[in-house]
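Below is one structure, written out as structure tokens; the observations come after it.
First the proteins, then the strands, lettered A, B, ... as listed; each starts at 1.
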Amino acid sequence: MTTTPDPQDIPSRFDFETAQDKIYDAWQSGGWFHAEPDSKKKPYTIVIPPPNVTGALHLGHALNNTLQDVVIRMKRMQGFNALWMPGTDHAGIATQARVEKRIKDLEGKSRHDLGRAELVNRIWQWKEQYEERILGQLKKMGCSCDWERTRFTLDDTCARAVRKTFFDLFQKSLIYRGKRLVNWDTHLGTTVSDDEVENKSINGHFWHFMYPVIDPKPGEPHHVTVATTRPETMLGDTAVAVHPDPAAALSKVESELKAKLKKAADSEHAAINDQIEALANRRKEMLSDLELLRDMANDGRMLKLPLADREIPLVTDVWAKPELGSGCVKITPAHDPNDYEVGKRAGLPMINIMNADGTLNAETGSYVGLYMKQARTKVVDDLEALGLLKEVEDRAIEMPMSDRSGTPIEPYLTDQWFVKMDQLAQSAMDVVESGEVKITPERYIKGYLSWLGEKRDWPISRQLWWGHQIPVWSKACPAQADADKLIADIKALKSFDENLASIQTEASSETDSEKRAQLGLPDFTLHVCVEDASEALEKELESLGLVREEDVLDTWFSSALWPFSTLGWPEKTKELDYFYPTSALITSRDIITLWVARMVIMGLNNLGQVPFNSVFIHPKILDGNGETMSKSKGNGIDPLDVIDKFGADALRFGMASLTTETQDVRMPVQFECPVESCQAAIPQTVKNRVLPVVECPKCKNKFRTQWAESEDDLKLPRGPVISERFEVARNFMNKLWNASRFAMLNLEGYEAAPIKEPDLTVEDRWILSRLYTVSQNVTEALEGYRYAEATRTLYNFAWDNFCSFFVEILKDRLADPDRRAHAQRILVFALDQLLRMLHPVTPFVTEAIWEQLNRFAAERGLEKVSTASECLIGASWAELDSKWANTEIETQFARFQSVLGSLREIRSRQNLPPKKAIKFLIRCDEDYAASIEPMGGYFNSMAAAELVSMGANVEAPEINALIAQDGIEIFVDLEGLIDVDAEVKRLEKEKKKLEGNITGKEKKLSNEKFVGSAPAEIVQRERDSLEQLKEQLVKVNAALEKFAKA
RNA sequence: GGGCGAUUAGCUCAGUUGGCUAGAGCAUCUCGUUUACACCGAGAGGGUCGGGGGUUCGAGCCCCUCAUCGCCCA
């Protein structure tokens, strides 16, 4: 049964709550998101930056995904075979830490209580739940991802890619195991990467200790003084260092200070001079002592390490700074990154004093079992008791903290797996330098290149259970012969295949064979990497006593493969062949190095082709105080709250319009009072954003925030966190909806027919010309990722051109039976084009209007009529023939707009009621009159003003209001209406302004230098403009004189 | 310490290769319920373009410098 559609049924507001889900389902069931390789079409591919499965999406994700969807939708409409590949990231450490904490909180169990298999099982459950929530959020936002292809970085397809890549790099010896000082999170019991460490400044102390010198010679000191912020690490000291040439070092510092002084501002001089003076004193007082210590070091003097009761050498190294402290520094190679370097240079032993859980190990004697912090107190006490504590200073110290657990990081010497970066990094630098991979905005190239340029090896092992387990089986070999035998045994295994297993021999890092023997260290460790899940071989290796590596890979290892692992690599799938390399990557700046660079590396290594040709880095969203948004601060906005209040289109439009090339966008945040009748927006402050309950200052009712915990608080309604910055976009959606509604209400009797060019009026040609220009601008802007420009162009066109002028003018024509049919056709066509252009940014409302338009005018077109596509998502992109571009018409129309503006201004300043009909005349030349003539009637409908006459010789009415502009005069007949005071006031103001401008221009033009050097065109422009201003002034003066006489 | 960026109306932001009187939205004020829209319409007021110096006929834009803020790296 079909009912006749009645446009009166269309509500005056877009009911986005119900429409969004319906429309989204229709897109999905229509298969519009799915892309299959098709040689007849060009591919356009984007892979989503996979959100972590740790929690819910925030506004940053909303921004990121909006930008991707806008591009994907435009490309789809442009006829590309557009694929947006979705998925999520297992986010190893973040997720495991989160689930572990939850289990600890709820069940009081640690991961060790559960065991590896059970913990991993629990995390999978968590993942299922959160992944669904995240994908649900993306769908609510309207993201047109190909959900049939959804991947997860830990699924079988990705696992296969990881294994293949690992094997390949292992075989090329680009993966190796080695002892390294890593950032150890004692709470989580794992390494964290540098990027997961945040340095925090805290108040600490600087302890000065004295270490006794063994057998000092006459004249030599009996103690050396060292200072440290970490006293407990002294148990692992293996040397004390002094600078090899303290005099030269001091001189160098001094000359640097002097250079700084020259450049510095006056206000800094005093401070720098103080430093120079202090340095000179130091030279006087300490240099000879330091040189003596240096000589002692060179002479091989040993020190007694207190408490540990070991002998350690005094050595020379440039790390010791003669300008600081005592000039001597204790060296703890296994627990400090700088000392580690010294240790390597000086060939010092490296003594690890810590267990993985952050307690001290057996190396520390009586301190064993104490946590670092406990040991600190005890070490200080014990040294004091021995009389070796010289001094304690208060001092701000930099403390490395783990992002993941929030606990202090311990530098820790362990066996870790690394990717050798030199060649790989270079390849990734080359493709950006050559422009094969284009980064927008360009300023981010610098950071990318300098980070890769360091070519630091990438530590890829993590002591976690949630992740890709490293596919290496290892066994220690006490001596060379054992290793040789083991290799022979492995090669003789039934399942052994050189293509599937690769063997590496790791020589012990302890190069002294005697020491190795002493410590019971093996000469070699044999590592076998097994390519695919060849269980038979794995079993056989294990039967030979090889044990699989427990560690898993850094999350970024699997993320780095994302652009091709999602397409099925290493299988040679038709998807990989067709969609790779992808077209664009849209992401935020904090992961340029962690992710973007590594994808380029892996793409080049695995496929010999870059993973994408274009990278767009978008801004970050900050709150009104310029702080990053986060749930932990309470200033985070849930995209779903914005969608609930303003609609998904408003969220998207708002996001896109914020995307300029600057780094950050500020978004003031408000609580919204949940009381239906109130809905007050309460600005968020640093104070109220952490309260569990907030009282609405307007209606005095209370509501709860994300912090509410008590039972009473939880009973209150929730006050969502939103931002009024989406209001503009919401209002725009409403405007668009209602303009379209107006069109539907006026389509009765519509009959499709081609539009004949001679029938086109000035405003028709104008809107076509505007449509052409706007579609060009929008296309160019979006292709260059200039989202804010695109949305601004669309907003201005839709509101100011289409609604305020075109539709307004059409009202007149639609009411005239003779002109109605043509007006309907051109209105339908213009709306059709506008919807196409807006669809990528605001897909829901445009799709809803499209559906309506199809009910009333399915057949439409400009010169050729055809049936519109059923869904806007599948319609073609708006591209008018360039023949419609018409600057003359645009100028002509601008004149009309300008006259209309003047009439409205006079109305307003004369306080004339809008309905009060007025008459006006234009004094102008014939040309001007001819160009205004076709639109003369519209002044009636748009300003209730009748154009009485036009031309060079029109007589000004006896009593009038005047506006002189563009070389013409507009006189409004005000017989019996005029407010003389208002008119005089306004004319005088005008006069003053004109005089000011004229003086300025005359001055400029009398400047010979200007006339002589500026381009002739500019000078002429100034002359013309001066001429016109003078003419206007004459007219204004005449009008004033007339009022003076009257 | 090094790098990147920002500073334009009360607020949030535009401003192209240097060139007419520096724009928009919100907020404010005045007027208006006109048959699509009050999430609306018409109009108005509001700016030493962070400070200082320089280049230029001409600087919001280019150069130097200072200040404040943000981010990244050490």
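The same atom, P, is picked in rU17(B) and in rA6(B); the two are 15 Å apart, to the nearest Å. Look at the C1' atom in both rU16(B) and rC11(B): the space between them is 26 Å, to the nearest Å. Comparing rC61(B) with rU55(B), their C1' atoms sit 14 Å apart, to the nearest whole Å. On the P atoms, rA67(B) is 39 Å away from rU28(B), given to the nearest whole Å. Using C1' as the reference atom, rU7(B) and rG50(B) are 6 Å apart when rounded to the nearest Å. Between rG46(B) and rA22(B), the two P atoms lie 12 Å apart (nearest whole Å). Between rA14(B) and rG25(B), the distance separating the two C1' atoms is 11 Å to the nearest Å. Atom P of rC66(B) sits at a distance of 24 Å from the matching atom of rC72(B), rounded to the whole Å.
In this structure, rU68(B) and rA6(B) make a Watson-Crick or G-U wobble pair, each of the two defining distances being under 3.5 angstrom. Nucleotide rC31(B) has rG41(B) as its partner under the Watson-Crick or G-U criteria, with both atom distances under 3.5 Å.
Within 4.0 Å of Arg666(A), counting heavy atoms only, lie sugar-phosphate atoms of the nucleic acid but no base atom. In this structure, Lys811(A) reaches the bases: a heavy-atom distance under 4.0 Å links it to at least one base atom across the strands shown. Arg909(A) comes within contact range of no nucleotide atom at all, as no heavy-atom separation falls under 4.0 Å.
Annotation: cation-pi geometry satisfied between Arg598(A) and Trp458(A) (NZ/CZ under 6.0 angstrom from ring centroid, within 45° of ring axis).
For a distance-only test at 3.5 Å, the side chain of Lys446(A) fails to qualify as a donor-acceptor partner of the base of rC4(B).
With Val665(A) as reference, Arg725(A) is the one residue of Lys620(A), Met655(A), His618(A), Arg725(A) to meet the side-chain contact (heavy atoms from CB on, under 4.5 Å) rule.
If you check rG25(B), rC40(B), rA36(B) against the side chain of Asn738(A), the one that comes closest is rA36(B).
At distances below 3.5 Å, not a single donor-acceptor pair connects side-chain atoms of Ser804(A) with backbone N or O atoms of Asn801(A).
The CD1 atom of Ile1018(A) sits 10 Å away from the C1' atom of rG58(B) (whole-angstrom rounding). Between the CH2 atom of Trp451(A) and the C1' atom of rC4(B) there is a distance of 18 Å, given to the nearest Å.
Positionally, the nearest nucleotide of RNA chain B for Val665(A) lies more toward the 5' end than for the other of Val665(A) and Arg741(A). Between Thr660(A) and Arg456(A), the one whose closest nucleotide on RNA chain B sits nearer the 5' end is Thr660(A).
Comment: Glu851(A) does not engage Arg855(A) in a salt bridge, judged by the lack of any side-chain N to carboxylate O separation of less than 4.0 angstrom.
The environment of CD in Glu748(A) is sparse: at most 12 heavy-atom neighbours from other residues, nucleotides or ligands sit within 6.0 Å.
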